[in-house]
Amino acid sequence: MQEPSPQEASTQKPKIKWLPLEGNPDVWNTIAHKHGMDTHWGFTDIFGFDPELLAFVPRPVAAIIFLYPITEESEKQRHEEEARLTKREQDISPQVMFFKQTISNACGMMALIHSLANNKGLLGPGLFNDIIKKAKRLSPEERAELLEGCEALANVHESGAQEGQTKPPSLEEEVSLHFVCFVDVDSHLYELDGRKPFPINHGKCTDLVECSAKVMRKFIERDPGHQDYSAMALSKLSE
């Protein structure tokens, strides 16, 4: 990779890096409920991607969070998809709110924000509502800058990263797992991944859980030699 010139290096912003969030519903619910999400809704584990196990997911569902390993194969697929969709422009609903991710290891928080930004009816007053209101008329890149400059969000993330069942890695450690979010907007399934340049429209969707599972199973089928796949649903909780 070509090194930046001294002039370019002097103008480049320092890379912001956070500790990763654990894929633990309790951690995500603590963050979301404390900062404005309706307590009648919450993140729950999905125990598998087969129809029998998906039947146990509480309904209704507002978003699906998917965790997968970043591998040579997954990166190859990502770049091929980007090249294909750049040539063939997608039809993206203007109702989709998409954020670019520029903070390293922030994919968990990005997925959480994407799940709420595209389900604004689940939010009351609080940090996430404030961020989403400020982001409404911004571009995805400007939204990334908004998140970079939000000290309150950084503090919330830092606290959440310490709350998991496993000890968080050091900031210097390379993290090879990545969260993405699936939502239904205007009866289409969208994959929201801040590492990608745009939302991915996966087509018509009549059942968010089933439609998301089809895409998640494709991730696994393309790169089956790994076990680090998991998912959560943002569901309405039983009374």
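Note that the coordinates shown come from a computational prediction; the quantities given were computed from them, not determined experimentally.
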Separation of Ile131 CD1 from Leu153 CG (nearest 0.5 Å): 4.5 Å
Lys218/Glu221 salt bridge by N-O under 4.0 Å criterion: no
salt_bridge(Lys196, Glu191) N-O dist < 4.0 Å: yes
Non-hydrogen atoms of Thr86 and Glu82 that approach each other most closely: OG1-O, 2.6 Å
N/O donor-acceptor pair under 3.5 Å between Asp50 side chain and Leu53 backbone: no
Verify same cluster id: Leu192, Ile92 (apolar side-chain graph, 4.5 Å): yes
Leu116 and Met37: CA distance, side-chain angles, deciding distance, side-chain contact (heavy atoms from CB on, under 4.5 Å) verdict: CA-CA 8 Å; Leu116 298 176; Met37 188 175 81; 3.5 Å; yes
Sole candidate of Tyr68, Trp28, Phe66, Tyr229 that passes ring pair (Phe, Tyr, Trp, His ring centres under 6.0 Å) when paired with Phe179: Trp28
same_hphob_cluster(Phe56, Val61) at 4.5 Å side-chain heavy-atom cutoff: no
Distance-only polar pair, side chains of His226 and Asp228, donor-acceptor under 3.5 Å: no
Donor-acceptor contact present, side-chain Asp45 to main-chain Phe47, <3.5 Å: no
Ala63 to Cys181 - nearest heavy-atom pair and separation: CB-SG, 4.1 Å
Shortest non-hydrogen contact from Tyr190 toward Val185: CE1-O, 3.5 Å
Any Ser104 side-chain heavy atom under 4.5 Å of Lys15 side chain: yes
Heavy-atom side-chain proximity of Ile200 to Asp193 below 4.5 angstrom: no
Backbone N/O of Asn155 and side chain of Ser159: donor-acceptor pair under 3.5 Å: no
Ile132 reachable from Met110 in the ILVMFWY side-chain graph, under 4.5 Å edges: yes
Polar side-chain atom of Glu145 near backbone of Glu142 as donor-acceptor pair, under 3.5 Å: no
Donor-acceptor pair, side chain of His202 and main chain of Lys214, under 3.5 angstrom: no
For Leu54 against Ala213, the heavy-atom pair lying closest together: CD1-CB, 3.4 Å
Stepwise side-chain contact (heavy atoms from CB on, under 4.5 Å) check, Ile46 with Ile65: CA-CA 9 Å; Ile46 295 176; Ile65 307 298; over 6 Å; no
Test log, rule side-chain contact (heavy atoms from CB on, under 4.5 Å), inputs Leu237 and His40: CA-CA 6 Å; Leu237 305 176; His40 293 97; 5.9 Å; no
Ser115 side-chain N/O to Leu112 backbone N/O, donor-acceptor pair under 3.5 Å: yes
Sub-6.0 Å ring centroid separation between His114 and Phe98: yes
Distance (rounded to the nearest 0.5 Å) between Arg195 CZ and Thr102 OG1: 13.0 Å
Ser93 side, atom OG; Asn201 side, atom CG - distance, nearest 0.5 Å: 9.0 Å
Beyond-backbone contact of His178 with Val180, side-chain heavy atoms, under 4.5 angstrom: yes
Verify same cluster id: Ile220, Met232 (apolar side-chain graph, 4.5 Å): no
Check: Gln90 and Phe198 side chains under 4.5 Å, non-hydrogen atoms: yes
Distance in Å, Met109 CE paired with Ile103 CD1, rounded so as to fall on 0.5 Å steps: 9.5 Å
Donor-acceptor pair between Gln77 and Glu81 side chains, under 3.5 angstrom: no
For Gly160 against Ile31, the heavy-atom pair lying closest together: CA-CD1, 4.0 Å
Polar side-chain atom of Arg59 near backbone of Val57 as donor-acceptor pair, under 3.5 Å: yes
Pairing residues for Asn129 by the side chain to side chain contact (heavy atoms under 4.5 Å, CB included) criterion, not counting sequence neighbours: Leu123, Lys133
Check: Asp223/Ser74 side-chain N/O donor and acceptor closer than 3.5 Å: no
Within 6.0 angstrom of Lys120 NZ, more than 12 heavy atoms from elsewhere: yes
Heavy atoms from other residues, nucleotides or ligands near CD of Glu80 exceed 12 (cutoff 6.0 Å): yes
Heavy-atom side-chain contact between Leu19 and Asn105 under 4.5 Å: no
Spatial distance of atom CG (Leu21) from atom NE2 (His157) [nearest 0.5 Å]: 3.5 Å
Check: Phe43 main-chain N/O paired with Asn29 side-chain donor or acceptor under 3.5 Å: yes
Any side-chain heavy-atom pair of Val96 and Asp186 under 4.5 Å: no
Nearest heavy atoms of Ala117 and Phe99, plus distance in Å: CB-CE1, 4.0 Å
Geometric cation-pi criterion Arg217 and Phe49, 6.0 Å radius, 45° cone: no
Any donor-acceptor N/O pair, Arg143 side chain to Ala135 backbone, under 3.5 Å: yes
Student check: side-chain heavy atoms of Val183 and Leu189 closer than 4.5 Å: no
Side-chain touch Lys76/Glu72, heavy atoms, less than 4.5 angstrom: no
Any donor-acceptor N/O pair, Asn119 side chain to Leu122 backbone, under 3.5 Å: no
Rounded distance (nearest 0.5 Å) linking atom CG of Leu67 with atom CE of Met216: 11.5 Å
